[in-house]
Protein chains: 2
Amino acid sequence: MINSPNLVAKEVCDGQETHPDLLAKAIPNLPDEREASRLADLFKALSDPTRVRIIAALLNTELCVDDLANLLDMSQSAISHQLRLLRNLHLVQFRRSGKHAFYRLVDDHVRDLFQRSREHLDC
Amino acid sequence: MINSPNLVAKEVCDGQETHPDLLAKAIPNLPDEREASRLADLFKALSDPTRVRIIAALLNTELCVDDLANLLDMSQSAISHQLRLLRNLHLVQFRRSGKHAFYRLVDDHVRDLFQRSREHLDC
DNA sequence: TAATCATATCAATACCTGCTCATATGTTCA
DNA sequence: TGAACATATGAGCAGGTATTGATATGATTA
């Protein structure tokens, strides 16, 4: 509605728009649709306790699917599904070694974001 | 399963447990159930494009519900529902002033986390 | 090659989420 | 007080998500 005829009319005709000074401060920070979705997707990756635990487990080491399933006391299927999701969002990657698939975090950004958020919880 | 009889038996009897060395690195980082949930909830708050845009809009200013609804081109009801959610998760708070309710971020942690994540997107 | 192990995927289900519409609450002002 | 405005809330629906159980794929080893 920011560019709707209705709002423009208000601005031009009678100054009734609620708080133009505040809106002016807000507008420069607004992400476009694409950025908002990408940010939401990033956070969505970490918005489930199981995935949080997976990321935590991978902070300092790689692990195979079965290790994760045992460690987190979840079914192999459940872990595999969540790993695929994390893979699709480019938070984890894996290497094959014989029968095993060893998963690890893709880079330090994920680690940073996760650790920092963890610290914020204490406040 | 980490403490299940089955796993203990493996450790004691035949060393078949998949990767004890890797698991040893993972275990110290594991959050308990409560921390995992709290972290997931924090990320869940930011896991929706509408809420991302709300947080972005509030980075440098407070805004009332109607400002937000106009700015983001969403219904008053939709914004109000999302604000309640963000309120419940303690990411935003508000002050009443006459008929208006001015919402703002609760503290700099939210701002920090958001901005930092935004930067990470570029990589 | 056959049996086995590790992982991935499919289908089904139960639960959760985000929005709308209608309505309620609460504030201001005539 | 009553009308108008700003916000909050509840019910309901459509779409999304997390898990399970069964099965498929793919690598290893006997």
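Letters A, B, ... mirror the listed sequences (proteins, then strands); counts begin at 1. Remember, it's a predicted structure, so these values are computed and weren't measured experimentally.
- The distance from atom CZ of A:Phe102 to atom C1' of C:dC5 is 14 Å, rounded to the nearest whole Å.
- In this structure, the side chain of A:Arg51 engages the main chain of A:Ala45 through a donor-acceptor pair within 3.5 Å.
- Under the side-chain contact (heavy atoms from CB on, under 4.5 Å) criterion, B:His120 pairs with A:His109, A:Asp112, A:Leu113, B:Arg116, sequence neighbours left out.
- Here B:Arg111 pairs with B:Asp108 in a salt bridge; the nearest charged N to carboxylate O distance falls below 4.0 Å.
- Residues A:Thr61 and B:Asn29 are not in side-chain contact: their nearest non-hydrogen atoms beyond the backbone lie 4.5 Å or more apart.
- Counting non-hydrogen atoms of neighbouring residues, nucleotides and ligands closer than 6.0 angstrom, the CZ atom of B:Arg95 exceeds 12 such neighbours.
- If you walk DNA chain D from 5' to 3' and mark each nucleotide with an atom closer than 4.0 Å to a heavy atom of chain A, the marks span D:dT17 to D:dT28.
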Polar atom pairs (N or O), protein with nucleotides 26-30 of chain C, under 3.5 Å:
none

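- With values rounded to the nearest 0.5 angstrom, B:Phe94 atom CZ is found 10.0 Å from B:Arg104 atom CZ.
- DNA chain C is contacted by B:Ser75, B:Ser77, B:Ala78, B:His81, B:Gln82, B:Leu85 of residues 75-85 of chain B, taking any non-hydrogen atom closer than 4.0 Å.
- No donor-acceptor pair closer than 3.5 Å links the side chain of B:Ser80 to the backbone N or O of B:Ser77.
- Between the CE atom of B:Met74 and the C1' atom of C:dT17 there is a distance of 13 Å, given to the nearest Å.
- The shortest distance between the side-chain N/O atoms of A:Tyr103 and the OP1/OP2 oxygens of C:dA8 is below 4.0 Å.
- Remark: the backbone N or O of A:His100 is not paired with any side-chain donor or acceptor of A:Ser97 at under 3.5 angstrom.
- Contact annotation: the side chain of B:Ile79 never approaches that of B:Asp66 to less than 4.5 Å [non-hydrogen atoms, C-beta and beyond].
- A heavy-atom distance below 4.5 Å is found between the side chains of A:Leu68 and A:Leu83.
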When you look at A:Leu22 and B:Phe102, which way does the side chain to side chain contact (heavy atoms under 4.5 Å, CB included) test go after all the steps? CA-CA 10 Å; A:Leu22 301 183; B:Phe102 288 95; 3.7 Å; yes
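- Near DNA chain D, meaning a heavy atom under 4.0 Å away, the residues from residues 42-60 of chain A are A:Lys44, A:Asp48, A:Thr50, A:Arg51.
- Among residues two or more places apart in sequence or in another chain, the salt bridge (charged side-chain N to carboxylate O under 4.0 Å, His left out) test is passed with A:Arg87 by none.
- The shortest heavy-atom contact between B:Arg118 and A:Leu30 is NH2-C, 3.9 Å.
- Rounded to an integer number of Å, the gap from CG of A:Asp66 to C1' of C:dC5 is 9 Å.
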